[in-house]
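Any value given below was found using the heavy atoms of this structure, including those in side chains, with hydrogens, waters and symmetry copies removed.
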Amino acid sequence: MKKFLLGALGLLALTLAGCSNNQLTTKKSSYRPTALTAVVKGTAGAKRVSYQIDNGPKQSVKVNGGSYFFQVPAATKDQTVKITAGSAKKTITVKKVKALGTYKTLAAKYNQMVTATYLPKKVQKQLQSAQKNQAATKKKLAALAKTNPTAAAAAAQQQQVAAEQLQAEMNTAKRKAKDELLPTTTKDGLKNLSTTKYTTVRANVQDGKLMGVAMITPTKQMKTKTGQKKFGTTFALLGTTLKAKPKYVINKFEKVLKDAKKNSSSTTTKTITSNGIRFNTGFSTDHLYIYMTQG
């Protein structure tokens with residue numbers, strides 16, 4: 001009888017162990033991305049959980065204390081995620097979201113504005129004036145060419161010299177701004193596009209589309225004048241690139257900062273919306289995070 005009971009207990013232990021290893025749950029069956037990704041959470045009895053997004057390469061994460069999580073980058077189409085833990089399997093869906101626009105176009109626009117901030121104010125005004133009056137100037141030059149070709153040629157020569165001087169200034173500004181510029185093209189995925197000691201710009205790009213942008217700033221930099229200026233400039237330029245209203249967003253953000261000082265919880269997040277662009281802000285003990293996505 002004793003041997004029988006010991007054998008039964010052993011069998012029961014193995015059975016329970018087998019059930020435990022096959023355990024796999026998820027918080028939801030359908031997820032909607034927030035910020036740059038959807039965070040999938042659940043419990044599992046195995047040591048590792050593997051997952052596969054839309055038949056892509058298999059990836060895996062460790063299970064800690066019976067719980068696991070992983071991130072699925074947001075995309076413009078619904079994504080099917082197959083999850084496996086031991087012999088247990090589960091399938092979930094990550095819902096599609098709208099893109100901010102084409103990455104290449106938005107990066108070029110942002111880089112142009114960043115470069116302009118390194119131009120002397122006098123040159124900035126010259127550049128703005130030239131861009132604003134380009135069509136009118138061309139029309140006047142064409143009209144002058146019909147009545148006075150010599151004067152038109154001289155005017156065209158002056159414009160050429162001015163353009164060359166402006167280009168030289170732009171080249172100098174580009175060299176100064178190089179660490180802050182975004183790559184003109186980038187592969188799909190989540191990655192840091194530019195990193196300085198003041199700010200890091202991180203993005204999710206899928207199929208050439210910019211799905212979301214994260215601006216990350218060390219909180220210690222927000223205590224210095226230079227850090228505050230760099231933060232404000234980058235924030236405003238990213239907002240302008242996405243066609244938000246920077247002044248409105250910054251005014252709202254100042255209130256968020258005041259609230260954050262009163263309650264420094266790292267789990268606190270606030271949302272600001274401007275012209276269809278959603279700004280989600282979050283704080284940790286040493287960093288400030290601002291996520292920009294399509295509303």
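- Listed for the Ser284 side chain is a donor-acceptor partner under 3.5 Å among the backbone atoms of His287.
- For the residue pair Thr196/Asp179, the side-chain donor-acceptor check at 3.5 Å is not satisfied.
- Just one of Thr293, Thr34, Thr271 meets the side chain to side chain donor-acceptor pair (under 3.5 Å) condition when paired with Asn280; it is Thr271.
- Judged purely by distance below 3.5 Å, without hydrogens or angles, the side chains of Thr273 and Arg278 never pair a donor atom with an acceptor atom.
- Residue Ile216 is found in a hydrophobic cluster whose other members, listed by chain and number, are Leu36, Leu190, Tyr289, Tyr291; membership requires side-chain heavy atoms under 4.5 Å apart, directly or through intermediates.
- Taking hydrophobic clusters as Ile, Leu, Val, Met, Phe, Trp and Tyr residues chained together by side-chain heavy-atom distances below 4.5 Å, Tyr198 does not share a cluster with Val213.
- In this model, no donor atom of one side chain and acceptor atom of the other lie less than 3.5 Å apart for Gln165 and Glu169.
- Among all heavy-atom pairs drawn from Leu238 and Met215, the shortest one is CD1-SD, 4.1 Å.
- We find the CZ-OG1 distance between Phe70 and Thr37 to be 11.0 Å, quoted to the nearest 0.5 Å.
- Across all non-hydrogen atoms, the minimal contact from Val81 to Tyr51 is CG1-CB, 4.2 Å.
- Residues Leu242 and Met211 are members of separate hydrophobic clusters, defined by side-chain heavy-atom contacts under 4.5 angstrom among Ile, Leu, Val, Met, Phe, Trp and Tyr.
- Closest heavy-atom contact between Ala244 and Asn275: CA-CB, 4.2 Å.
- Side-chain contact check for Gln79 and Thr93: no donor-acceptor pair (N or O, by modelled atom type) lies under 3.5 Å.
- Between the side chain of Asn204 and the backbone N or O of Ala74 there is at least one donor-acceptor pair closer than 3.5 Å.
- Both Ile83 and Val63 are part of a single hydrophobic cluster, where members link through side-chain heavy atoms under 4.5 Å apart.
- Panel note: side chain Thr234, backbone Phe231; no donor-acceptor pair is recorded below 3.5 Å.
- Between the side chain of Gln221 and the backbone N or O of Gln228, no donor-acceptor pair lies under 3.5 Å.
- Sorted pairs that involve residues 182-207 and meet salt bridge (Lys or Arg N to Asp or Glu O under 4.0 Å), not counting sequence neighbours, are lacking altogether.
- Under a 3.5 Å cut-off, the side chain of Gln206 and the backbone N or O of Ala75 do not form any donor-acceptor pair.
- Within the structure, salt bridge (Lys or Arg N to Asp or Glu O under 4.0 Å) pairs that include any residue of residues 226-243 comprise Glu180-Lys230 (at least two apart or interchain).
- At least one side-chain heavy atom of Gln167 sits less than 4.5 Å from a side-chain heavy atom of Met170.
- Residues Thr102 and Leu210 are not in side-chain contact: their nearest non-hydrogen atoms beyond the backbone lie 4.5 Å or more apart.
- A donor-acceptor pair under 3.5 Å is formed between the side chain of Thr25 and the backbone N or O of Thr43.
- Under the side-chain contact (heavy atoms from CB on, under 4.5 Å) test applied with Thr84, the options Lys90, Lys58, Lys89 reduce to a single match, Lys89.
- The closest donor-acceptor contact from the side chain of Asn111 to the backbone of Leu181 lies at 3.5 Å or more, if one exists at all.
- With hydrogens and angles ignored, the 3.5 Å screen pairs no side-chain donor or acceptor of Ser60 with any backbone N or O of Ser50.
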